[in-house]
Amino acid sequence: MKKLIIIPAYNEGENLENTIRNIQTYASSFDYVIVNDCSKDDTRELCKTKNFHVINLPVNLGIGGAVQTGYQYAMENDYDLAVQVDGDGQHDARFLNTMADYLAKNNVNMVIGSRFIEKKGFQSSGIRRLGIRFFTGLIRCLTGKTITDPTSGLRMADREIIKMFAKNYPKDYPEPETVVSVIRKGKRVEELPVEMHERQGGVSSISPKKSIYYMVKVSLAIMIECLR
């Protein structure tokens, strides 16, 4: 089975070496590709110096465009599954083999790593947890499916979902919207407990000032997806 880790990176130069070391230690059977989203720090130089596998985008596409590039790479290179691992050190490669085994053995199309099933590791801030619970409720109302961690970026997809995301993927804040899209297409989505870490460096794309925009934008995108 060919397995790919997609690592979207924007100004993650200070974190990438540890992220790759974590993958090589705990998920050595996976290939990886860093999608450098036109970073302004030393990400490009670091990848070249360390001989990391990288795609350097010519313009900044945002998180959605960077992740979609990774899915396009996975589709074009005939990978059986692909998983997003953020470059900021939050996601732990120790859980990737368990997720891959579960996906393969249980005929699941997507496996989401949830920090809220066993409530271990970093649990995010109180305000963000409130927003996550809101999206959990909204998704349950619209699809009947309970997703405890709908904003989790640690998501593993099979060939069907790889092709789906390679062709169409939201530009920004894509996680809740794409979960709804997959469920609405009748695909199987399950969650497994994982532990996440606090961001090791860099700055989150969702600042306090953007929180309201984030909530409104994602809520509207989810409802529009349900109306298609």
Side-chain angles (χ1 to χ4, degrees), residues 1 3-9 12 15-16 18-34 63 66-67 70-71 74 79-136 139-140 145-158 161-162 165 173-180 182-183 187-202 204-206:
M1 179 178 286
K3 301 174 288 188
L4 178 69
I5 297 172
I6 300 166
I7 308 172
E12 301 289 1
N15 310 310
L16 275 177
N18 287 334
T19 298
I20 299 303
R21 188 180 300 116
N22 182 246
I23 289 169
Q24 292 172 337
T25 300
Y26 296 109
S28 59
S29 63
F30 286 74
D31 297 333
Y32 73 86
V33 62
I34 297 166
I63 181 63
V67 174
Y71 282 117
Y79 279 92
D80 297 295
L81 62 82
V83 58
Q84 177 184 337
V85 170
D86 289 347
D88 58 14
Q90 292 190 76
H91 299 157
D92 197 324
R94 289 183 300 158
F95 298 95
L96 297 185
N97 286 310
T98 299
M99 293 172 68
D101 289 343
Y102 186 89
L103 186 147
K105 294 177 181 178
N106 293 276
N107 195 31
V108 175
N109 300 106
M110 177 184 284
V111 177
I112 300 172
S114 172
R115 75 202 97 170
F116 301 125
I117 295 176
E118 294 183 348
K119 293 183 170 59
K120 294 180 180 179
F122 180 62
Q123 297 289 289
S124 192
S125 67
I127 293 176
R128 289 201 176 188
R129 289 199 301 274
L130 184 63
I132 290 167
R133 285 196 292 270
F134 169 79
F135 287 127
T136 293
I139 292 171
R140 183 169 53 241
K145 178 75 173 179
T146 298
I147 303 295
T148 66
D149 201 349
T151 66
S152 171
L154 185 61
R155 304 183 301 164
M156 186 172 289
D158 70 358
I161 307 304
I162 289 172
F165 287 168
Y173 316 131
E175 289 84 6
E177 182 180 349
T178 50
V179 169
V180 171
V182 171
I183 294 171
K187 308 302 181 182
R188 287 192 63 191
V189 179
E190 301 292 344
E191 291 184 291
L192 288 181
V194 300
E195 294 180 34
M196 294 188 186
H197 308 291
E198 194 167 2
R199 172 184 285 273
Q200 302 302 300
S204 172
S205 61
I206 307 174

[X] versus [Y]: any side-chain heavy-atom pair under 4.5 Å?
{"X": "K120", "Y": "P193", "value": "no"}
{"X": "S152", "Y": "E191", "value": "no"}
{"X": "V182", "Y": "F165", "value": "yes"}
{"X": "E198", "Y": "Q90", "value": "no"}
{"X": "T19", "Y": "I34", "value": "no"}
{"X": "F116", "Y": "R129", "value": "yes"}

Can you measure from [atom1] ([X]) to [atom2] ([Y]) and round to the nearest 0.5 angstrom?
{"X": "L81", "Y": "I5", "atom1": "CG", "atom2": "CD1", "result": "9.5 Å"}
{"X": "I183", "Y": "I139", "atom1": "CD1", "atom2": "CD1", "result": "6.5 Å"}
{"X": "F95", "Y": "E195", "atom1": "CZ", "atom2": "CD", "result": "4.5 Å"}

Can you sort out the partners of [X] under side chain to side chain donor-acceptor pair (under 3.5 Å), two or more places apart, ordered by chain and number?
{"X": "S114", "result": "T148"}
{"X": "T178", "result": "R155"}
{"X": "T25", "result": "none"}
{"X": "E175", "result": "none"}

For [X] and [Y], work out which heavy atoms get closest and say how close.
{"X": "I6", "Y": "G70", "result": "CD1-C, 3.4 Å"}
{"X": "P176", "Y": "T151", "result": "CG-CG2, 4.1 Å"}
{"X": "G153", "Y": "H91", "result": "C-CE1, 3.6 Å"}
{"X": "P150", "Y": "V179", "result": "O-CG2, 4.4 Å"}
{"X": "V194", "Y": "G113", "result": "CG2-C, 3.5 Å"}

* Asked: Passes side-chain contact (heavy atoms from CB on, under 4.5 Å), L16 versus I7? Steps please.
  -> CA-CA 9 Å; L16 275 177; I7 308 172; 4.1 Å; yes

* Asked: Mind checking what makes salt bridge (Lys or Arg N to Asp or Glu O under 4.0 Å) contact with K145, not counting sequence neighbours?
  ->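 For K145 the salt bridge (Lys or Arg N to Asp or Glu O under 4.0 Å) partners, ignoring immediate neighbours, are E190.
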
* Residues forming a salt bridge (Lys or Arg N to Asp or Glu O under 4.0 Å) with D92, sequence neighbours excluded ->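 Salt bridge (Lys or Arg N to Asp or Glu O under 4.0 Å) check on D92 returns R94.
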
* Asked: T146 and T136: side-chain contact (heavy atoms from CB on, under 4.5 Å), yes or no, with the steps?
  -> CA-CA 6 Å; T146 298; T136 293; 4.2 Å; yes

* To do: Take Y79 and D31 through the side-chain contact (heavy atoms from CB on, under 4.5 Å) test and state the conclusion after the steps.
  => CA-CA 10 Å; Y79 279 92; D31 297 333; 2.7 Å; yes

Result block: side-chain N/O donor-acceptor pairs under 3.5 angstrom for residues 97-107, not counting sequence neighbours:
from	atom 1	to	atom 2	distance (Å)
N97	ND2	Y26	O	3.1
N106	ND2	Y102	O	2.9

* The single option from D86, D149, L96, I112 passing side chain to side chain contact (heavy atoms under 4.5 Å, CB included) against L154 ->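 So, applying the side chain to side chain contact (heavy atoms under 4.5 Å, CB included) to L154 and each of D86, D149, L96, I112, only L96 qualifies.
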
* Asked: How would you list, by chain and number, every residue that makes a side chain to side chain contact (heavy atoms under 4.5 Å, CB included) with N18, sequence neighbours excluded?
  ->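 Per chain and number, N18 pairs via side chain to side chain contact (heavy atoms under 4.5 Å, CB included) with R21.
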
* Would a distance-only check, ignoring hydrogens and angles, find a side-chain to backbone donor-acceptor pair under 3.5 Å from N22 to A93? ->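 Flag set: sc N22 to bb A93 pair under 3.5 Å.
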
* Please list, chain by chain and in numerical order, all residues satisfying ring pair (Phe, Tyr, Trp, His ring centres under 6.0 Å) with F135, sequence neighbours excluded. =>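 By the ring pair (Phe, Tyr, Trp, His ring centres under 6.0 Å) rule, F135 matches Y214.
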
* Asked: Residues in ring pair (Phe, Tyr, Trp, His ring centres under 6.0 Å) with F30, at least two apart?
  ->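 Per chain and number, F30 pairs via ring pair (Phe, Tyr, Trp, His ring centres under 6.0 Å) with no residue.
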
